[in-house]
Amino acid sequence: MRRLIATTTLVLVAALAAGAPASAAGEAASGEAYVPGELLVRFESGAERLIELPAGVAVEEAADALAGNASVDYALPNYVAHASSVPNDPGLGSTPGDWRRTQWNFLPCGSLCAPGGAIPALEFQARGGLNAIDAWTVLKQRRATGGKGAIVAVLDTGVAFRNKKPGFLKSPDFSRSQFLPGFDFIRRKSAPLDRDGHGTHVTGTIAERNGNGVAVTGLVPRAKIIPVRVLDAQGLGTARDISAGIRFAAKHGADVINMSFEFSLAVDGCGKIKSVCSAAKFAAKRGSLLTAAAGNSNGEPVAFPAAAPKVVGVGRTTKDACLATLSRTGNGLDLVAPGGGVPALPSCGSDDSLFSRGVPIFQLTFDGPGFRTFGYPGFYEGTSMATAHVSGVAAMVVVSRVLGPNPSPAAIECQLKATARHANEQLGQPYDARLFGAGLVDAAAAVTSRAPGC
């Protein structure tokens, strides 16, 4: 048998030498489709052997060269299977996996981004989705399932991360183990509990648990969250508290700092919020990537702190990858991400069998009186929601090691921008950098391979 294998390899090399040059091995979107340099060969005797191909011999050409060999029954690539990454969370329904009927924002674009039938239509797809499913698969292959190893600080209205008598309950789709010690800069206490719902919703997009049969999913449910309360029950916060919150997060090791808020347009430069811009530079120097909401109104420019140096400014798009109305554009806009709502361009987008035009972003948060009732309020849409998506994908990039260990904030930002979708067929309207920044963030592309120059 060894002699037969050796002879087969020699015949294979000779056959390829007379033909066309070998091509590179094929790859699936989420990694190798088959093992490079290996071929499974079954001989007419009934024995199957794994043949390691000589350098420069590609798998597909090797299989073709052996197809007519009388001593070979078959010769096939050594295909790679992977565990399904689709969680069993039911979303708004009761069927496991039906979060995909709710969270269009996490779905792949599929055939909608491949004109001419290049990709078959998927059961669950959305042009405006960021393809979390394939990204989860890559993270699992890289031993960073669910974003394990990342630390994300959420500067917001607080988070429903623990029970506290008499008035507060933990969100049923969070685990206490997900959270690191935070701080409440409004009340100057160590328990930054949510008194609004906004912070819990934002944190849900980043890290709501998945695969537990409860509610919907988050992008990096195994990341650690640092809850930092810098906005009060009305969603208002001061430059003093925000700058303190940024420094707290950076000092406590945050890889990503999410800031889903904006100052009024009267703040038109760092000169008016010097403490915040100084804190942002401090955090970036310590290795934290900062993201912030571009602003929920029409027009230019982007609001602060999104427009500040060292901060990634995020606008919002709809389920059809259209620019959403009430999303600020122009200078300071770095990326866009799913934020829900209706398109700013009336002709962009349409209803379909799964998602209506103008669908919001659904995450579990307060939905009723007090801070003890949870549900899926349908009014959460905006650049706040979009910012959380970019923070979640940034955390994926950190732990995927696509940029190596301990990537700098500048490298992470480069990777997010370089892999963002900006081709016209991948958006609901023609690409314009003033409207879309570098493009629509793509989680799978961001974690799969390093972009040139990043």
So side-chain hydrogen bond (donor to acceptor under 3.5 Å, both in side chains) across residues 357-370, not counting sequence neighbours, yields Gln103-Gln363, Thr205-Gln363, Glu208-Gln363
For residues 421-445, the side-chain hydrogen bond (donor to acceptor under 3.5 Å, both in side chains) pairs (sequence neighbours left out) are Glu300-Arg434
Mind checking what makes salt bridge (charged side-chain N to carboxylate O under 4.0 Å, His left out) contact with [X], not counting sequence neighbours?
X	value
Arg101	Asp98
Glu381	Arg316
Arg229	Asp184
Lys417	Asp334, Glu413

Show me, pair by pair, the donor-acceptor contacts under 3.5 angstrom made by side chains of residues 393-405, not counting sequence neighbours?
from, atom 1, to, atom 2, distance (Å)
Ser400, OG, Met396, O, 3.4
Ser400, OG, Val397, O, 3.0
Ser400, OG, Val402, N, 3.2

Distance col, row Leu130:CG vs Cys109:SG, nearest 0.5 angstrom, shows 11.0 Å
Taken to the nearest 0.5 Å, the spacing of Thr317 OG1 from Leu435 CG works out to 12.0 Å
Nearest heavy-atom contact between Thr383 and Gly295 is OG1-N, 3.3 Å
All heavy atoms of Gly149 vs all of Asp255, minimum pair found to be O-OD2, 4.0 Å
Residues pairing under disulfide bond (SG atoms under 2.5 Å apart) where one sits in residues 342-381, two or more places apart or in two chains, turn out to be Cys322-Cys348
Residues pairing under disulfide bond (SG atoms under 2.5 Å apart) where one sits in residues 381-447, two or more places apart or in two chains, turn out to be Cys414-Cys454
Among [options], find the residue that satisfies the side-chain contact (heavy atoms from CB on, under 4.5 Å) test when tested with [X].
X	options	result
Trp104	Leu354, Ile361, Asp320	Ile361
Phe185	Val228, Thr238, Leu155, Leu231	Val228
Thr329	Val336, Val302, Leu323, Asn298	Leu323

Can you check whether [Y]'s main-chain N or O pairs, donor with acceptor, with [X]'s side chain at less than 3.5 Å?
X	Y	result
His389	Pro338	yes
Glu262	Ala294	no
Ser275	Arg240	no
Ser384	Ser260	yes

Sorted by chain and number, sequence neighbours left out, ring-ring contact (aromatic ring centres under 6.0 Å, His included) with Phe179 holds for Phe161, Phe174
Is any side-chain heavy atom of Leu180 closer than 4.5 Å to a side-chain heavy atom of Ile151?
yes
Residues at least two apart in sequence or cross-chain that pass side-chain hydrogen bond (donor to acceptor under 3.5 Å, both in side chains) with Ser391, listed by chain then number, are Asn258, Thr291
I'd like a table of donor-acceptor pairs (distance under 3.5 Å, sequence neighbours excluded) in which one partner is a side-chain atom from residues 277-288, with atom names and distances.
from, atom 1, to, atom 2, distance (Å)
Ser278, OG, Arg247, NH2, 3.1
Ser288, OG, Ala254, O, 2.6

